[in-house]
Amino acid sequence: MRLFFASWPPAGVASALSAWAQAARRDCGGRATRPDRIHLTLAFLGDADPDEARATAAAVRLPGCAFAIEQARYWVHNRIVWVGPAETPAELSALAEVLGEERGFAAHVTLLRKARPAALPPVPALEWPVPEFVLVGSRLSAEGPSYEVLGRYALG
Ligand code: ATP
Ligand code: MG
């Protein structure tokens with residue numbers, strides 16, 4: 001099981017982003033993220049100890065925050081289309097860092113995988129609140145990958 005910390009959006013944000021992903025897919029192809037799986041990864045821990053991850057999460061003392069969806073981009077190195085803020089807010093970087101993200105954190109929400117580069121539709125103006133974060137286990141099974149929420153942590 002691979003572990004990661006993430007922020008899940010409110011249902012309205014997820015459905016607006018899912019609709020945008022379907023529109024982008026007409027030109028970029030690829031596979032759109034299911035609406036219930038749309039998330040912002042804060043820290044990818046991989047094959048880590050869940051108890052250690054829970055202890056890290058429980059010790060976090062940071063305020064809630066929010067970010068705006070302001071841009072859509074294509075990353076050629078992994079062929080994903082993502083949306084996110086124009087600049088990663090400092091509060092989110094601080095949260096990612098305390099949760100163990102070791103590489104430079106760039107806030108991005110993956111909406112298409114295995115996509116081709118193409119012109120992207122304008123992104124809808126959306127505010128994504130981050131009042132809490134979750135610890136998620138990702139499992140690959142015969143039916144495909146599945147996510148399981150292992151813990152939910154409120155921000156101050
Ligand atoms: P799949 O890989 O089957 O398409 P997924 O990417 O949703 O599914 P995981 O690969 O378990 O599931 O990844 C969980 C989250 O962690 C995703 O947001 C993914 O982008 C991110 N992630 C995965 N691998 C890494 C990595 N090596 N570094 C940083 N983030 C990663
Ligand atoms: Mg993956």
Side-chain angles (χ1 to χ4, degrees), residues 1-11 13-22 24-25 28-57 60 62 65-118 120 123 126-153 155:
M1 188 167 64
R2 292 128 68 91
L3 299 181
F4 62 103
F5 286 114
S7 166
W8 245 258
V13 171
S15 61
L17 291 180
S18 181
W20 184 91
Q22 293 302 334
R25 202 168 70 93
C28 301
R31 180 165 58 83
T33 307
R34 271 173 30 191
D36 57 310
R37 289 172 65 106
I38 291 174
H39 64 276
L40 171 73
T41 299
L42 292 164
F44 181 75
L45 307 182
D47 179 23
D49 177 1
D51 288 333
E52 249 175 67
R54 284 192 182 92
T56 299
V60 170
L62 286 172
C65 58
F67 64 95
I69 301 295
E70 294 165 328
Q71 63 167 341
R73 302 286 289 275
Y74 177 78
W75 273 343
V76 67
H77 68 279
N78 55 6
R79 299 180 59 204
I80 67 163
V81 170
W82 59 271
V83 298
E87 277 180 42
T88 298
E91 301 99 311
L92 272 187
S93 298
L95 180 57
E97 197 181 330
V98 298
L99 293 178
E101 183 55 60
E102 283 167 351
R103 310 166 319 157
F105 173 70
H108 69 281
V109 178
T110 301
L111 293 180
L112 291 178
R113 288 182 166 80
K114 298 190 164 66
R116 316 179 278 273
L120 297 170
V123 285
L126 293 167
E127 183 85 351
W128 178 315
V130 186
E132 61 167 22
F133 62 91
V134 289
L135 173 64
V136 183
S138 169
R139 271 205 184 80
L140 201 60
S141 69
E143 300 86 52
S146 69
Y147 291 166
E148 182 189 354
V149 174
L150 304 176
R152 194 175 284 281
Y153 305 89
L155 292 163

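Both ligands and their constituent atoms are indexed starting at 1 by order of listing. Because the structure is predicted, anything quoted here is derived from the model rather than measured.
- The aromatic rings of Phe133 and Phe5 stand perpendicular to each other, their planes meeting at an angle above 60°, with 30° marking the opposite boundary.
- Taking Thr41 as the reference, His39 meet the side-chain hydrogen bond (donor to acceptor under 3.5 Å, both in side chains) condition, with sequence neighbours excluded.
- For atom 16 (O) of ligand 1, the closest heavy atom belonging to the protein is Phe44 CD1, 3.1 Å.
- Below 4.0 Å from some heavy atom of Pro145 lie the following atoms of ligand 1, by number and element: 3 (O).
- Proximity of atom 24 (N) of ligand 1 to the protein is indicated by at least one non-hydrogen atom lying closer than 4.0 angstrom.
- Across Ala96 and Leu42, no two heavy atoms sit closer than the pair CB-O, 3.1 Å.
- Closest protein heavy atom to atom 7 (O) of ligand 1: Tyr147 OH, 2.2 Å.
- When hydrogens are left out, the protein atom nearest atom 8 (O) of ligand 1 is Arg37 NH2, 4.1 Å; that is the closest non-hydrogen contact.
- Shown in contact with His39 at under 4.0 Å from a heavy atom are these atoms of ligand 1, numbered in order with element: 15 (C), 17 (C), 18 (O).
- Minimum heavy-atom separation, Ile38 to Ser18: CD1-N, 3.9 Å.
- Counting only heavy atoms of the protein, atom 2 (O) of ligand 1 lies nearest to Arg2 NH2, 4.6 Å.
- The nearest heavy-atom contact from the protein to atom 18 (O) of ligand 1 is Thr41 OG1, 2.5 Å.
- Pairing each heavy atom of Leu135 with each of Pro50, the nearest pair is CD2-O, 4.2 Å.
- A salt bridge links Glu101 and Arg103; the closest N-O separation between the charged side-chain nitrogens and carboxylate oxygens is under 4.0 Å.
- The two atoms that bring Asp49 and Leu3 nearest to each other are C-CD1, 4.0 Å, heavy atoms only.
- Within the 4.0 Å heavy-atom criterion, the part of Arg31 lying near ligand 1 is the side chain and not the backbone.
- Residue-to-ligand polar distances place Arg113 within reach of ligand 1: an N/O pair is separated by less than 3.5 Å.
- With respect to atom 28 (N) of ligand 1, the closest heavy atom belonging to the protein is Arg103 NH2, 3.3 Å.
- Arg139 is linked by a side-chain hydrogen bond (donor to acceptor under 3.5 Å, both in side chains) to Glu148, counting only residues two or more places apart in sequence or in another chain.
- Given atom 11 (O) of ligand 1, the protein heavy atom at minimum distance is Ser138 OG, 2.6 Å.
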